[in-house]
Structures are given as structure tokens and as C-alpha cells.
Chemist: 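This is the structure, below, for whatever I ask next.
Excluded from the calculations below are hydrogen atoms, water molecules and symmetry mates; all remaining heavy atoms, backbone and side chain alike, are included. Counting from 1, the numbers follow the sequence of the chain as shown.
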Amino acid sequence: MEHLHSTEAALAALREIAQEYEREMETSHDIGADQTSRRSSAGIGVTTDPDGSLPHEAFVEFGGSPRLSVRLYPDDDALITVEGVECADIPRDHVPAFLRSVLGGLAHVKGRRFPPGYHLIVPLPGDRTHKEYIPMVVLTPWLSSRYRG
């Protein structure tokens, strides 16, 4: 897995994935400690971290189905939303593999009868998987089409 040392490096990888899967991609940027979502404690007019760097956060939305968005945080992690299901604390280096798994058809939904529930299962390289609970009301047509009992 490639090391993505910055938000810009992760955005470059996401642009490649968008091209590879012929998806449109819209991006918005928040730069500076006073702008990023996890830096609300920064004082007024304070734009840098204590080390002098400018934190950079980006939000990416992909067009098409499934509905996908990625929020890249300056703290080397991301929040990926697949059809309304939030997958938090994904390491930034795993984001490209996660998206390729979803867009490439490897991600699937598993359900159980008791207690009733569904989970989005996203296989990652190295025999790792990400598993996220899906509330039944969020089971969209795309998620339903990925169901494996």
C-alpha cells in the first residue's frame, strides 16, 4: 500500500481512481487551523498548527452510483460515506484501496436474522476488512443489490 504523506497526495490518488472508474469528482478545500473541522479550538486569526504548518482538509464527492464521499482530515485519516453509511477513522493510506473495493464490486452487505442487522463489508489488501453497521432504514437499492446472506 502506497504511503500518502499529505492531503494533496491523497487527492492525486483519488483523481486517478475517478479517471479509472470514469466518475466525476468535486472537491472542496479547507486550509488553516481556523478552517478545518477538527481544529475548532484554534484561536481567532490562528491559521497554523503549533509546528507552523497549515493543516489541509478536503471533501470529495464522486458522481454516479454508489453515492460516495470522502473527507480527508489533516490527521492522516478519513471519513468515507458509501450510500449514507459512514465509515469513520479510515487511515489515509487505505482510502484508495477502500474506494477500489467499493467501485470494483468487492464490497458487499451481510445480514443476520437475530439480532436483525446488516453490515457493509469492505475487503482491503492484506486480508483486512472494514465492517460497518447499516441501520435497516439506510438500506438503499445499491446496498440491497450487494446483499450476501
Chemist: Apply side chain to side chain contact (heavy atoms under 4.5 Å, CB included) to Lys110 and His108, showing your working.
Modeler: CA-CA 7 Å; Lys110 281 206 163 197; His108 59 278; 3.9 Å; yes
Chemist: A quick test of your reading: do over 12 heavy atoms of other residues, nucleotides or ligands sit less than 6.0 Å from CD of Glu20?
Modeler: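 More than 12 within 6.0 Å, yes.
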Chemist: What heavy-atom pair brings Ser69 and Glu61 nearest, and what distance separates the two atoms?
Modeler: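 Residues Ser69 and Glu61, closest heavy atoms: CB-CG, 4.0 Å.
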Chemist: Considering non-hydrogen atoms only, spot the tightest contact between Ile121 and Lys131 and give its length.
Modeler: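 Residues Ile121 and Lys131, closest heavy atoms: CD1-CG, 3.5 Å.
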Chemist: Has the side chain of Asp93 got a donor or acceptor atom that lies under 3.5 Å from a matching backbone atom of His3?
Modeler: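 Not confirmed, Asp93 side chain does not pair with His3 backbone.
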Chemist: If hydrophobic clusters are built by linking Ile, Leu, Val, Met, Phe, Trp and Tyr wherever their side-chain heavy atoms come under 4.5 Å apart, do Val95 and Leu106 end up in the same one?
Modeler: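 Result: no, two separate clusters.
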Chemist: Please find the pair of heavy atoms, one from Thr129 and one from Pro123, that lie closest to each other, and give the distance.
Modeler: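 Of all heavy-atom pairs spanning Thr129 and Pro123, the closest is CG2-CA, 3.9 Å.
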Chemist: If you look at every heavy atom in Tyr147 and Tyr118, which pair is closest and at what distance?
Modeler: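 It is CE1-CE2, 3.6 Å.
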Chemist: Are the side chain of Arg23 and the backbone N or O of Gly63 linked by a donor-acceptor pair below 3.5 Å?
Modeler: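 Judged by distance alone, yes, a pair lies under 3.5 Å.
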Chemist: Linking I/L/V/M/F/W/Y whenever their side-chain heavy atoms sit closer than 4.5 Å, directly or via other members, would Trp142 and Phe98 fall into one cluster?
Modeler: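 Yes; Phe98 is reachable from Trp142 via cluster members.
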Chemist: Using the rule that two of Ile, Leu, Val, Met, Phe, Trp, Tyr join whenever any of their side-chain heavy atoms come within less than 4.5 Å, decide whether Leu79 and Phe59 are in one cluster.
Modeler: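 No, separate clusters.
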Chemist: Determine whether Val70 and Val85 fall in the same hydrophobic cluster, where Ile, Leu, Val, Met, Phe, Trp and Tyr are linked whenever their side-chain heavy atoms lie under 4.5 Å apart.
Modeler: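 Result: yes, single cluster for both.
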Chemist: Is a side-chain donor or acceptor of Glu57 paired with a backbone partner of Leu72 at a separation under 3.5 angstrom?
Modeler: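 Answer holds: no.
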Chemist: Which heavy atom in Leu11 sits nearest to a heavy atom in Met25, and how many Å separate them?
Modeler: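 What the structure gives for the nearest pair is O-CE, 4.2 Å.
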Chemist: Would you sort out whether Leu120 and Cys87 count as a side chain to side chain contact (heavy atoms under 4.5 Å, CB included), showing the intermediate values?
Modeler: CA-CA 9 Å; Leu120 175 64; Cys87 304; 4.3 Å; yes
Chemist: Taking side chain as C-beta onward, heavy atoms only, is His94 less than 4.5 Å from Arg128?
Modeler: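 Sidechains of Arg128 and His94: in contact.
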Chemist: To the nearest 0.5 angstrom, please state how far the CD1 atom of Ile90 sits from the CG atom of Asp76.
Modeler: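 Ile90 CD1 to Asp76 CG: 14.0 Å, rounded to 0.5 Å.
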Chemist: According to a 4.5 Å side-chain heavy-atom criterion applied to Ile, Leu, Val, Met, Phe, Trp and Tyr, with indirect links allowed, do Leu4 and Leu68 form part of one hydrophobic cluster?
Modeler: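 In one cluster with Leu4: Leu68, no.
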Chemist: Can you give me the closest heavy-atom contact between Ala18 and Phe62, atom names plus distance?
Modeler: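 Distance-wise, the nearest heavy atoms are CB-CE2, 3.9 Å.
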Chemist: For the pair Tyr73 and Arg92, evaluate side chain to side chain contact (heavy atoms under 4.5 Å, CB included) and give the outcome as yes or no after the intermediate values.
Modeler: CA-CA 8 Å; Tyr73 296 109; Arg92 181 168 46 205; over 6 Å; no
